[in-house]
**Student:** 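Here you go, one structure.
FYI, side chains are in, hydrogens and waters are out, and symmetry mates aren't considered; it's all heavy atoms of this structure. Numbering of ligands and ligand atoms starts at 1, following listing order.
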Amino acid sequence: MAIYNLGSINADYFYRVPHLPSAGETLAATSVLRGLGGKGTNMSVAAARAAARTIHIGAVGEDGRWATDRLLEYGVDTRHITTLPDTPTGHAIINVEDSGENAIVLLPGANHEIPESTIGAALSEASPGDTLLLQNETNNQAQAAEIAKRLDLFTAYAAAPFDAEAVQAVLPYIDILFFNAVEAAQFEQATDQSPTDLPVRQVIVTRGSQGCTLFDNQLEEVRHFPALPVTPVDTTGAGDTFTGYVLAALDRGLPMPQAITLATRAAALMVTRHGTADVIPDLKHVQEAQF
Ligand code: RIB
């Protein structure tokens, strides 16, 4: 089985700041680092590190070869990443404060110009039962989800960055939906629908240090999973790591509770590290870590 991920590719610029700046404030950063990121990329790397065959579908500009090369080094199939002329690779400016909290500004660049032909070529290689993963940092999400439904793929959507309309556009086609608690509340406010009202098999709501809740709408069950006790230094990419690990575990045939337990361990390790795709823990470390 395999995971096809229509996902963003960003250069992440991390600025370490004493606190997140407020409107009108000028603040000196204590350090800056560039790494590989993008919600899509982070999820692809997490899925590959969790031992799933992972195919990334996306686009970079001519300045993005380093990003594609690095994804390949991390075990991700990059054949369906298109290089677009005259378009910059996406990038993110990420302020991280001492508590580990962050604030992100994105330039989507090539992530918003992924050609339909690139998506079609990738999905024509997929088989029924493979997974299609989507997030809200690319164009053509609903089109890809519709193709996936026709091909009988298992489709997952991570609703970040949050946009209620983008969620509604993919809802008819998806099997599993990932929200964080803020996104779930925003969605309920915008549509009057709670996770149990949605026409998807399963909804997972992540709650940071409070763990996560699985709404299994097929079994009509709600189950809470606690988080692990760690001291965070940087929460960026932890949700992406969780999503990639859950889907990789499901792809390998693990039942959902075990998939969530494994992903919770991966996310707990991730918040103790600075950075995004480059520092996502591999399966061996996740399985062996002591908390
Ligand atoms: O979720 C973290 C990611 O959000 C970063 O890697 C950044 O690129 C933004 O897309």
**Student:** Of the protein's non-hydrogen atoms, which lies at the shortest distance from atom 4 (O) of ligand 1, and what is that distance?
**Tutor:** K39 NZ, 3.1 Å

**Student:** Does the side chain to side chain donor-acceptor pair (under 3.5 Å) test come out yes or no for D234 and N102, once each step is laid out?
**Tutor:** CA-CA 8 Å; D234 181 357; N102 65 37; 4.8 Å; no

**Student:** Is it true that D12 and T276 share a donor-acceptor pair across their side chains at a distance under 3.5 Å?
**Tutor:** yes

**Student:** For S8 and ligand 1, does the shortest N/O to N/O distance drop below 3.5 Å?
**Tutor:** no

**Student:** If you count every heavy atom of other residues, nucleotides or ligands that lies below 6.0 Å from E220 atom CD, does the total exceed 12?
**Tutor:** no

**Student:** Taking atom NE2 as the centre, does H19 end up with more than 12 heavy-atom neighbours from other residues, nucleotides or ligands that are less than 6.0 angstrom away?
**Tutor:** yes

**Student:** Provide the number and element of each atom of ligand 1 under 4.0 Å from a heavy atom of G37.
**Tutor:** 6 (O), 8 (O)

**Student:** Going by the atom numbers of ligand 1, which of them fall below 4.0 Å from some non-hydrogen atom of L106?
**Tutor:** 9 (C), 10 (O)

**Student:** Got an N/O contact under 3.5 Å between N42 and ligand 1?
**Tutor:** yes

**Student:** Identify the closest protein heavy atom to atom 5 (C) of ligand 1: which residue and atom is it, and at what distance?
**Tutor:** D12 OD2, 3.3 Å

**Student:** Within the 4.0 Å heavy-atom shell around A92, which atoms of ligand 1 are there?
**Tutor:** 7 (C), 8 (O)

**Student:** Cation-pi check for F291 against R265: NZ or CZ below 6.0 Å from the six-membered ring centre and within 45 degrees of the axis, yes or no?
**Tutor:** no

**Student:** For residues 118-126, run the donor-acceptor check on the side chains, cut-off 3.5 Å, and write out each pair with its distance to 0.1 Å, sequence neighbours left out.
**Tutor:**
unit_1, atom_1, unit_2, atom_2, d
T118, OG1, T82, OG1, 2.7
S124, OG, A121, O, 2.7
E125, OE1, R79, NH2, 2.9
E125, OE1, H80, NE2, 3.3
E125, OE2, R79, NH1, 3.2
E125, OE2, H80, NE2, 3.2

**Student:** Consider every N or O of G38 and every N or O of ligand 1, then say whether any pair is closer than 3.5 Å.
**Tutor:** yes

**Student:** For ligand 1, does T41 get within less than 4.0 Å through its side chain, its backbone, both, or neither, judged by non-hydrogen atoms?
**Tutor:** neither

**Student:** Show the atoms of ligand 1 that are less than 4.0 angstrom away from any heavy atom in E137.
**Tutor:** 4 (O), 9 (C), 10 (O)

**Student:** Show the atoms of ligand 1 that are less than 4.0 angstrom away from any heavy atom in I104.
**Tutor:** 4 (O)

**Student:** So, S194 and D197: side-chain donor and acceptor under 3.5 Å apart, yes or no?
**Tutor:** yes

**Student:** Check the pair T261 / Q258 against side chain to side chain donor-acceptor pair (under 3.5 Å), numbers first and verdict last.
**Tutor:** CA-CA 5 Å; T261 302; Q258 276 96 316; over 6 Å; no

**Student:** Quick one: nearest non-hydrogen protein atom to atom 2 (C) of ligand 1, plus distance?
**Tutor:** D240 OD2, 3.3 Å

